[in-house]
Amino acid sequence: MKPVTFLVALTTVAVVLSTVSASPYGGWQPIENIHNYRIQEIAKFAVRMHNLENNFKHPLRLVSIRRGLVQVVDGMNYKLDVMVAGSNSLNSRGSLYRTEVHVTLGTMELMFFTRIVKGLN
């Protein structure tokens with residue numbers, strides 16, 4: 001998968017830093033509030049980029065974020081487990097995906113988006 005980079009608000013990193021525990025440089029730490037607006041935006045970005053990379057053949061929509069980790073590097077890495085469903089599906093059943101997004105000042109880059117469990121309620 002080729003990484004895709006888009007510009008985002010410069011405040012993203014600063015705001016998201018307030019939602020995680022004190023994290024040592026390089027170590028993965030749990031995200032305390034996965035319902036934070038910026039974390040939700042990162043998850044939506046990952047789903048949009050996945051849909052774009054797959055030419056919207058089977059578009060997905062974000063249902064929820066199940067858990068998240070953050071890593072302080074040159075910017076921030078976010079590893080999220082997200083529940084997604086088909087964009088036209090009203091059924092609550094969906095699939096669990098793991099995604100990683102790298103965020104630096106002004107940009108987001110999708111690193112990967114991989115299905116890990118299918119058909120959870």
Side-chain angles (χ1 to χ4, degrees):
M1 173 184 312
K2 181 180 175 188
V4 178
T5 304
F6 279 82
L7 294 178
V8 295
L10 293 176
T11 58
T12 300
V13 173
V15 173
V16 173
L17 280 173
S18 68
T19 69
V20 298
S21 304
S23 56
Y25 184 82
W28 287 100
Q29 298 295 318
I31 297 173
E32 293 175 0
N33 182 6
I34 59 173
H35 304 291
N36 176 280
Y37 173 77
R38 294 296 181 197
I39 301 300
Q40 295 289 318
E41 288 301 309
I42 291 168
K44 290 175 186 175
F45 168 82
V47 174
R48 280 192 311 266
M49 292 302 98
H50 171 76
N51 288 338
L52 181 65
E53 289 176 355
N54 290 289
N55 296 317
F56 297 92
K57 288 181 184 174
H58 302 284
L60 302 174
R61 65 176 169 82
L62 179 66
V63 174
S64 65
I65 301 173
R66 294 298 178 101
R67 85 179 188 119
L69 299 171
V70 63
Q71 180 185 42
V72 179
V73 290
D74 182 21
M76 306 283 283
N77 288 331
Y78 294 90
K79 192 177 291 184
L80 304 173
D81 289 350
V82 295
M83 181 64 65
V84 298
S87 64
N88 297 326
S89 172
L90 299 177
N91 187 345
S92 63
R93 295 175 59 92
S95 299
L96 187 63
Y97 281 73
R98 178 158 295 147
T99 186
E100 187 173 324
V101 176
H102 179 74
V103 178
T104 57
L105 290 176
T107 65
M108 284 189 198
E109 182 178 352
L110 179 63
M111 306 309 288
F112 65 84
F113 193 91
T114 306
R115 184 177 6 211
I116 54 177
V117 176
K118 183 177 181 179
L120 291 177
N121 286 330

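The structure displayed is predicted, hence computed values, not measured ones.
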If you round to the nearest 0.5 Å, how far is [atom2] of [Y] from [atom1] of [X]?
X      : Y      : atom1 : atom2 : value
His102 : Met108 : NE2   : CE    : 11.5 Å
Asn77  : Thr104 : CG    : OG1   : 10.0 Å
Ile31  : Arg38  : CD1   : CZ    : 14.0 Å
Glu53  : Leu110 : CD    : CG    : 5.0 Å
Arg98  : Lys79  : CZ    : NZ    : 6.5 Å
His58  : Asn51  : NE2   : CG    : 11.0 Å

Legend entry - Candidate list Ile42, Ile65, Ile116, test side-chain contact (heavy atoms from CB on, under 4.5 Å), partner Val82, passing option: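 The side-chain contact (heavy atoms from CB on, under 4.5 Å) with Val82 is passed solely by Ile65 among Ile42, Ile65, Ile116.
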Inset, instruction - Flag yes if Tyr37 and Tyr78 sit in one hydrophobic cluster, no otherwise; membership is Ile, Leu, Val, Met, Phe, Trp, Tyr, and two members link when side-chain heavy atoms are under 4.5 Å apart. - result: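 Hydrophobic grouping puts Tyr37 apart from Tyr78.
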Between [X] and [Y], what is the shortest heavy-atom contact and its length?
X     : Y      : value
Ala43 : Leu62  : CB-CD2, 3.8 Å
Gly94 : Met83  : C-SD, 3.7 Å
Ala46 : Val101 : CB-CG2, 3.9 Å

Inset, instruction - Step by step, work out the side chain to side chain contact (heavy atoms under 4.5 Å, CB included) result for Phe113 and Asn54. - result: CA-CA 11 Å; Phe113 193 91; Asn54 290 289; over 6 Å; no
Legend entry - Gln40 side-chain N/O to Ser64 backbone N/O, donor-acceptor pair under 3.5 Å: no
Legend entry - side chain to side chain contact (heavy atoms under 4.5 Å, CB included) evaluation trace for Leu80 with Ile34: CA-CA 9 Å; Leu80 304 173; Ile34 59 173; 5.6 Å; no
Inset, instruction - Just say parallel, tilted or perpendicular for the rings of His50 and Tyr97, cut-offs at 30° and 60°. - result: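 Aromatic pair His50/Tyr97 classed tilted.
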